Amino acid sequence: MPAAMVYTCRATNWPVLWIDIFGVVLATYLGLVSYSVVLRFLFTALMIIALVKAIVEASQRVSAGPDGLTVNLGAFGFPRVTVARANIARAEIVDLPVTLRSRWGTYWTRKREWFLTPNMGPALRLTLASGRMVTVSMPEPAAALAAMGIITTDRWG
């Protein structure tokens, strides 16, 4: 029996990472020089938010195989998003345009769609059996589809 093919890649959003680090440093400085307790609390809260955002959203590691797709977010691989192969109803390769939306990491919309997109460019959009959509940016989405055993007729595949 042949070995199962697995596709792995890593994507890092360097501009957002630098913006978040700048936010942590700025909030720390302003919190230290402030004489008001309320402002110190506010800047400490902003520092914690920016730090968590930098750790969680700046990088992601994607692995695709016969069992499905797994996306490990952040520097420590947590949180993790897993999509089982049996739950994928439709898969397509899309090209994320240069927009503010495609550059800001992990978020969800009210239309039941998850975006795990630290970079613009090629991405894999999965429609699940529940109707939820998951969009994951990666350098070679056709290789991820091949590793999952999904045949596509898109122009990319």
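Remember, it's a predicted structure, so these values are computed and weren't measured experimentally.
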> Looking at side-chain heavy atoms only, is the closest gap between L69 and L126 below 4.5 Å?
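A side-chain contact exists here, since the closest heavy-atom pair is under 4.5 Å.
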> Out of curiosity, does I48 fall in the hydrophobic cluster containing Y29 (side-chain heavy atoms, cut-off under 4.5 Å, transitive links)?
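The answer is no; the residues belong to distinct hydrophobic clusters.
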> Can you hop from F22 to L42 via hydrophobic side chains spaced under 4.5 Å?
yes
> Of all residues at least two apart in sequence or in a different chain, which pass the side-chain contact (heavy atoms from CB on, under 4.5 Å) check with A50?
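For A50 the side-chain contact (heavy atoms from CB on, under 4.5 Å) partners, ignoring immediate neighbours, are V24.
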> Would F43 and V33 show up in the same hydrophobic cluster when neighbours are defined by side-chain heavy atoms closer than 4.5 Å?
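In one cluster: yes.
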> May I have the step-by-step check of side-chain contact (heavy atoms from CB on, under 4.5 Å) for V25 and M47, ending in yes or no?
CA-CA 8 Å; V25 171; M47 179 193 66; over 6 Å; no
> Between R40 and S34, do the side chains contain an N or O donor and an N or O acceptor separated by less than 3.5 Å?
no
> For R90, enumerate each residue passing the side chain to side chain donor-acceptor pair (under 3.5 Å) test, keeping only those at least two apart in sequence or located in another chain.
E92
> What residue pairs, at least two apart or across chains, pass side chain to side chain donor-acceptor pair (under 3.5 Å) with a residue in residues 67-78?
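Applying side chain to side chain donor-acceptor pair (under 3.5 Å) to every pair that reaches into residues 67-78, excluding sequence neighbours, yields nothing.
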> Side-chain heavy atoms nearer than 4.5 Å, only ILVMFWY residues, links allowed to pass through others: does that put L128 and M138 together?
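The answer is yes; both residues are in one hydrophobic cluster.
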> Take V136 and R125 through the test side-chain contact (heavy atoms from CB on, under 4.5 Å) and record every step on the way to the result.
CA-CA 6 Å; V136 181; R125 179 167 291 151; over 6 Å; no
> Is the backbone N or O of Y7 less than 3.5 Å from a side-chain atom of E140, with the two atoms forming a donor-acceptor pair by type?
no
> Check the surroundings of atom CZ in R85: do more than 12 heavy atoms from other residues, nucleotides or ligands lie under 6.0 Å from it?
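Atom CZ in R85 is crowded, with more than 12 foreign heavy atoms closer than 6.0 Å.
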> Under a 3.5 Å threshold, yes or no: a donor from one side chain and an acceptor from the other, between S59 and R10?
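The criterion, which ignores hydrogens and geometry beyond distance, is satisfied for R10 and S59.
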> Starting from I49, can I reach V52 by hopping between I/L/V/M/F/W/Y residues whose side chains sit under 4.5 Å apart?
no
> Could you pull out the closest heavy-atom pair between P122 and D95, with the gap in Å?
N-OD1, 3.6 Å
> Quick one, L124 with M148, criterion side-chain contact (heavy atoms from CB on, under 4.5 Å). Give me CA distance, side-chain angles, the key distance, then yes/no.
CA-CA 12 Å; L124 182 61; M148 289 188 289; 3.9 Å; yes
> Would you give the length of the straight line joining atom OG1 of T127 to atom CG of N87, rounded to the nearest 0.5 angstrom?
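These two atoms lie 12.5 Å from each other.
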> Would you say V37 and F41 make side-chain contact, with heavy atoms under 4.5 Å?
no
> Going by heavy atoms in the side chains, are F76 and I55 under 4.5 Å from each other?
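Answer yes - side chains close enough.
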> Indicate yes or no: at least one non-hydrogen side-chain atom of L145 is less than 4.5 angstrom from one of I93.
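A side-chain contact under 4.5 Å exists here.
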